[in-house]
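To keep things clear, I will list the structure first and then write my remarks on it.
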Amino acid sequence: MPHPISLIILVALFIDVLVHTLADFLNLRVLRHELPPALKDIYDKEHYRKSQDYLWFNTRFEWISSGFNLLIFLLFWFGKGFPFLDQWVHSFHQGPVVTGILFIGVLAALKALLSLPFKVYGMFVIEERFGFNRTTWRVFLLDLVKGTFLGIALGAPLVAGMLAFFQYAGGSAWFYCWVAVTLFMLGVTYVAPTWIMPLFNKFIPLDPGELRSAILSYARSIHFPVENIYVMDGSKRSGKSNAFFTGFGKHRRIVLFDTLIEQHSVPELVAVLAHEMGHYKRKHILKTMILGILQTGILLFLFSIFVSYQGLFDAFFMSQKSVYGGLVFFAILYSPLDVVMGLFLKAWSRRNEREADRFAVETTKDPKPLISALKILSAHNLSNLVPHPFYVFLHYSHPPLLERITALDRLQEKGAFP
Ligand SMILES: [Zn+2]
């Protein structure tokens, strides 16, 4: 009979697989359907067929990769991989923090190694087949090396700090840790646009011209100070396009993918940025940050309760308690709850997206450019235009296209615009 904690984790994993597979099957039913009339102008027959193929390929790929990951995890767990690894890291006779970094480092490296073939397949087979991939092997390998170094440079001090707090700081460790982790995260977010992101992409200030003037004049009209508009070479990796804001304070910048500029007219680009600025104006970015900080605090507090709980170590066949072991096992135990948390966050995000859409059309006083931009984006990215509502509930951070267009049309019907 497995340990009760093991049983809880296994049941949670089983439910998770069941729910996600069910959602996938419901979502795939659209493969048999015709497009609704409002979306007929987005795809021609051939293009629509291609988007359905894309959905089917990705769903099947997701099944194979997550099935494989689950199998490896169960084999490692019940093959007593955790105590074996623990013994090995102890053989170096280091202090608890260094031993812990080794333990967590090896697990992270194994995870990265196992996911690598899937990453390669996803990029060089699936994305390639559908014409999205523009990553060369050289870029891929450089990304891998840079990403690994960055992961170690940022991850090791963070993990070391957490282990040290919980090892030596007593009952209030979670609180000190919370403050430290929050400062660390804010620091990384602050320097990311200038120190980290340029490691991977080129950012060139947008040339003066029609687009730049249009963006600046819109920004002025909503009293949104913008100094930095950058174009990013997104085409280096993928044909898919995007726009985003990054950093805060002095380092805040608007970033447009070069691929986005290629595909859209000036009013459409302004509409897309108006949506992004809407996120700022409606304080979504700030609220998301605060929510993240609160979540970290709750997690660390829960962790402080579980870290010394013998049952957690028994479930993973560990004879010796340790902070680093507690950290890993707590993360595993918590992950089903994380899925549930994620559902709330995604619902909240969809609400914010609707609000940013509304902000964009209310301030540009014309829903047409945003509607056409959304349509072009969806068509270009081969989006599934009619996802199943249950699938949306589980996975979507943005409302589906039809829902967004309908909402924008309704605003116009209400007579909000001349
Ligand atoms: Zn948005």
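Order of listing sets the numbers, starting from 1, for every ligand and every atom in it.
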- Under 2.8 Å from the Zn ion (ligand 1), is there an N/O/S atom belonging to Glu353? yes
- Message: Please confirm whether the ring centroid of Tyr218 lies under 6.0 Å from the ring centroid of Phe224.
- Response: no
- Query: For Arg404, which residues count as a side-chain hydrogen bond (donor to acceptor under 3.5 Å, both in side chains) partner, sequence neighbours excluded?
  - Reply: Asp357
- Establish, for the pair Arg60 and Phe57, whether the NZ or CZ atom is under 6.0 angstrom from the six-membered ring centre and no further than 45 degrees off its axis. yes
- Examine His398 and say whether one of its N/O/S atoms is closer to the Zn ion (ligand 1) than 2.8 Å. no
- Message: the Zn ion (ligand 1) and His284: any N/O/S contact shorter than 2.8 Å?
- Response: no
- Query: Charged N to carboxylate O below 4.0 Å: is that the case for Asp53 and Arg129?
  - Reply: no
